[in-house]
Amino acid sequence: ASFGVKELWRYDGEEVKIYQLVSGKYEEVSNSLSFPILTAKVLTEFVGRTKTEGQTAILRDFRNWIKSQI
């Protein structure tokens, strides 16, 4: 927080959490400030797939998901 980083994404091995800097403290939020279409839920789903699927397939699916959102 002292560096002024406005957004952090944290993966604890189970889920992604998104935090935004508000009044000098980090608060958990559901959507990214930098990428509003991204939610912690969506990120968790894609990151979680890395345990059972190949990176290339996941990245392809992620790109396709983004294209479908914009």
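From a predicted model like this one, the values you see are computed outputs, not experimental measurements.
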Taking only residues two or more places apart in sequence or in another chain, which ones pass side chain to side chain contact (heavy atoms under 4.5 Å, CB included) with K41?
->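 By the side chain to side chain contact (heavy atoms under 4.5 Å, CB included) rule, K41 matches T39, E45.
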With a cutoff of under 4.5 Å between side-chain heavy atoms, which Ile, Leu, Val, Met, Phe, Trp and Tyr residues group with V47?
->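 So far as hydrophobic clustering goes, V47 is joined with W9, Y11, V16, I18, V29, F35, I37, L38, V42, L43, F46, I58, F62, W65, I66, I70.
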Under 4.5 Å between side-chain heavy atoms, chaining through other members, with only Ile, Leu, Val, Met, Phe, Trp and Tyr counted: pull out the rest of the cluster around L59, sorted by chain and number.
->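 In the cluster with L59 there is nothing else; it is isolated.
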Looking only at non-hydrogen atoms, find the nearest pair between G24 and A1 and report the distance.
->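 That closest heavy-atom pairing would be O-CB, 3.6 Å.
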State, to 0.1 Å, how close E7 and S32 come at their nearest heavy-atom pair, and which atoms those are.
->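 Minimum heavy-atom separation between E7 and S32: OE2-OG, 2.7 Å.
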Decide whether Y19 and V5 are clustered together by the hydrophobic rule: side chain heavy atoms of Ile, Leu, Val, Met, Phe, Trp, Tyr closer than 4.5 Å, transitively.
->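 Yes.
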Can you list every pair that meets salt bridge (charged side-chain N to carboxylate O under 4.0 Å, His left out) and has a residue in residues 23-32, with sequence neighbours left out?
->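 Applying salt bridge (charged side-chain N to carboxylate O under 4.0 Å, His left out) to every pair that reaches into residues 23-32, excluding sequence neighbours, yields nothing.
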Residue list, salt bridge (Lys or Arg N to Asp or Glu O under 4.0 Å) with R49, at least two apart or on another chain =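 Expected list: E53, D61.
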Would you give the length of the straight line joining atom CD of Q55 to atom CZ of R60, rounded to the nearest 0.5 angstrom?
->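 Interatomic distance, Q55 CD to R60 CZ, rounded to 0.5 Å: 12.5 Å.
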Roughly how far, to the nearest 0.5 Å, is the CD atom of Q20 from the OG atom of S30?
->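 Interatomic distance, S30 OG to Q20 CD, rounded to 0.5 Å: 8.5 Å.
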